[in-house]
Number of protein chains: 2
Amino acid sequence: MSSMAIKKSSAPAATAARMPAAQRRDLILAAATELFAQRGYHGTTTDQIAQAAGISQPYVVRMFGTKEQLFLEVLDRALQTLFVAFRAALPDPGDGSKLTQRLGTAFVDLVGSVGLHRTLLHAFVSGNDPVIGAAARKGFVGIYTFLRDEAHFEPVDVQQFLGYGMLMSVLLGIELPSTFGTDADADELMNVAFGDKCGVVLAVAGPDAA
Amino acid sequence: MSSMAIKKSSAPAATAARMPAAQRRDLILAAATELFAQRGYHGTTTDQIAQAAGISQPYVVRMFGTKEQLFLEVLDRALQTLFVAFRAALPDPGDGSKLTQRLGTAFVDLVGSVGLHRTLLHAFVSGNDPVIGAAARKGFVGIYTFLRDEAHFEPVDVQQFLGYGMLMSVLLGIELPSTFGTDADADELMNVAFGDKCGVVLAVAGPDAA
DNA sequence: AATTGTTGTAATCGGATGATTACTAGACCG
DNA sequence: CGGTCTAGTAATCATCCGATTACAACAATT
């Protein structure tokens with residue numbers, strides 16, 4: 001009996017539960033997106049990503065070849081998600097909404113895709129890197145051509161829209177929402193920048209967002 | 001004779017030219033600003049900074065204690081430079097210029113302070129770091145309170161101004177100017193974002209800026 | 001049941017990196 | 001001159017990190 005006290009089920013799982021590679025891949029990409037968003041490319045280790053995905057570090061490297069390739073794939077997915085959300089906001093629903101408004105709302109609502117804005121921003125400050133920088137430039141120019149060719153924005157609207165988007169991303173990157181309630185000036189800035197969308201942001205990135 | 005072939009004068013200077021500590025400090029800070037701007041905090045090594053400043057790596061560390069302290073000082077100087085430039089643009093020179101225009105021009109012209117925009121941006125994506133993040137938040141909120149209390153901006157102007165500033169910084173961070181002339185869409189985006197200030201930016205960050 | 005491919009880990013390697021220690025050489029000063 | 005302070009380096013340490021290798025367990029197929 002006492003010899004049976006420890007069963008197989010209580011043995012520490014030295015190995016992770018088996019899972020189709022494609023599914024595991026998604027898990028890793030999700031974990032990597034969140035970590036890259038918080039700490040950037042150089043500040044994130046493949047081991048942190050592995051632990052967040054519940055597997056060992058060598059598996060992460062083998063699945064993506066290199067850390068750089070992993071980041072490129074994370075960046076690519078973030079851009080794809082962005083364009084899907086933007087294109088979904090293009091058609092006029094018939095209410096009196098303006099397209100600029102709809103696209104702006106779509107961008108803010110992407111806070112639901114955890115780490116998207118900040119990961120993009122980290123790519124956007126990596127222009128110096130020959131590989132990541134090139135991908136980032138291509139991505140940003142792609143956003144511009146979308147606004148010009150599909151949303152038919154005027155130059156002034158483009159400037160304003162991109163400016164608003166970058167401001168939002170920076171405020172997320174600086175983690176201003178997480179300090180909400182501790183500094184009146186900071187709270188005011190949040191309101192000035194996000195306006196009535198403040199609630200959405202605070203729900204995801206606020207102090208209570210575990 | 002052959003033993004005299006190598007004279008003292010041809011010996012490689014193993015040691016750097018002596019210089020007052022304060023002056024060397026400025027050299028290091030300048031080099032660090034440029035490197036942090038290009039590669040970010042985690043992507044820059046103290047050895048790279050040392051080489052750029054013409055001294056050895058341990059000297060950098062000893063002068064500032066830690067790499068983190070060095071970055072904080074770089075950030076502090078960048079913010080100081082920014083506020084000096086902003087305050088200089090406050091008084092109305094009597095021409096018909098608007099304050100928002102003058103501050104915007106002042107911000108763009110800071111491309112002359114090499115690495116300022118990008119270093120700030122790198123700090124602004126480091127919100128996750130307990131020390132650097134806190135300093136970055138404080139700096140950004142400081143910019144906001146300046147616009148509110150000293151420039152007397154309306155909330156709408158604040159949003160627009162900060163948005164424009166972040167867009168500019170991101171375009172510098174992505175190193176879009178350096179590719180000018182290779183992609184018509186990218187060039188167009190440059191024009192949309194920077195307008196008549198394009199020339200100033202290209203002069204400093206363009207393809208020919210060694 | 002034997003074979004084969006897939007999912008996963010343990011161990012380890014080699015290089016990079018921030019920091020520490022101990023030392024040297026030049027300037028300043030009485 | 002001799003002593004002391006300052007500006008600087010060489011050498012090295014401990015750690016981290018991405019990548020590689022070799023192997024184990026499980027599943028599927030025949």
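This structure is a prediction, so every number in the text was calculated from the model and none was measured. Chain letters run A, B, ... following the sequence lines, proteins first and then strands; every chain starts at 1.
- Atom CE of B:Met19 is separated from atom C1' of C:dC28 by 19 Å (rounded to the nearest Å).
- Atom NE2 in B:His42 sits roughly 11 Å away from atom P in C:dG18 (whole-Å rounding).
- Rounded to an integer number of Å, the gap from CZ of B:Arg25 to P of D:dT6 is 15 Å.
- Here A:Ala17 lies in heavy-atom contact (under 4.0 Å) with sugar-phosphate atoms only.
- Note: B:Phe86 and B:Phe107 have tilted aromatic rings, judged against thresholds of 30 and 60 degrees for the angle between ring planes.
- A straight line from CD1 of A:Ile55 to P of C:dA10 spans 12 Å, rounded to a whole angstrom.
- In terms of position along DNA chain D, the nucleotide closest to B:Pro20 lies nearer the 5' end than the nucleotide closest to the other residue of the pair B:Pro20 and A:Thr45.
- Between A:Phe64 atom CZ and D:dA19 atom C1' there is a gap of 16 Å when expressed in whole angstrom units.
- Listed nucleotides: D:dA19, C:dG8, D:dC17. Nearest to the side chain of A:Val61: D:dA19.
- Within 4.0 Å of B:Ala50, counting heavy atoms only, lies no atom of the nucleic acid at all.
- A:Arg148 contributes no side-chain N or O that, together with a main-chain N or O of A:Phe153, makes up a donor-acceptor pair within less than 3.5 Å.
- Position along DNA chain C of the nearest nucleotide to B:Thr66 versus A:Gln57 favours A:Gln57 as the more 5'-ward residue.
- Under 4.0 angstrom from either OP1 or OP2 of D:dT9 there lies no side-chain N or O belonging to B:Tyr59.
- The base of C:dG8 does not come close enough to the side chain of A:Arg24 for any donor and acceptor atom to sit less than 3.5 Å apart.
- Rounded to a whole Å, the CD atom of B:Gln48 is 15 Å from the P atom of C:dA19.
- When the side-chain nitrogen and oxygen atoms of A:Ser56 are compared with OP1 and OP2 of C:dT9, one or more of them lie within a distance under 4.0 Å.
- Going from atom CD1 of A:Ile49 over to atom P of D:dG18 covers 8 Å, rounded to whole Å.
- The backbone N or O of A:Thr179 lies less than 3.5 Å from a partner atom in the side chain of A:Thr182, making a donor-acceptor pair.
- When rounded to the nearest whole Å, the span between OH of B:Tyr41 and C1' of C:dT17 equals 12 Å.
- In the set C:dT21, C:dT7, D:dG8, the nucleotide with an atom closest to the side chain of B:Pro58 is C:dT21.
- By the 4.0 Å N-to-carboxylate-O rule, B:Glu175 lies close enough to B:Arg118 to be salt-bridged with it.
- Tested against B:Met168 for a side-chain contact (heavy atoms from CB on, under 4.5 Å), the candidates B:Leu110, B:Val108, B:Leu121 yield a single pass: B:Val108.
- Phosphate proximity of C:dG18 to B:Thr46: present, with a side-chain N or O under 4.0 Å from OP1 or OP2.
- The base of C:dT20 has none of its N or O atoms less than 3.5 Å from a complementary donor or acceptor on the side chain of B:Arg62.
- Minimum atom distance to the side chain of A:Arg18 is reached by C:dG5, of the listed C:dG18, D:dA10, C:dG5.
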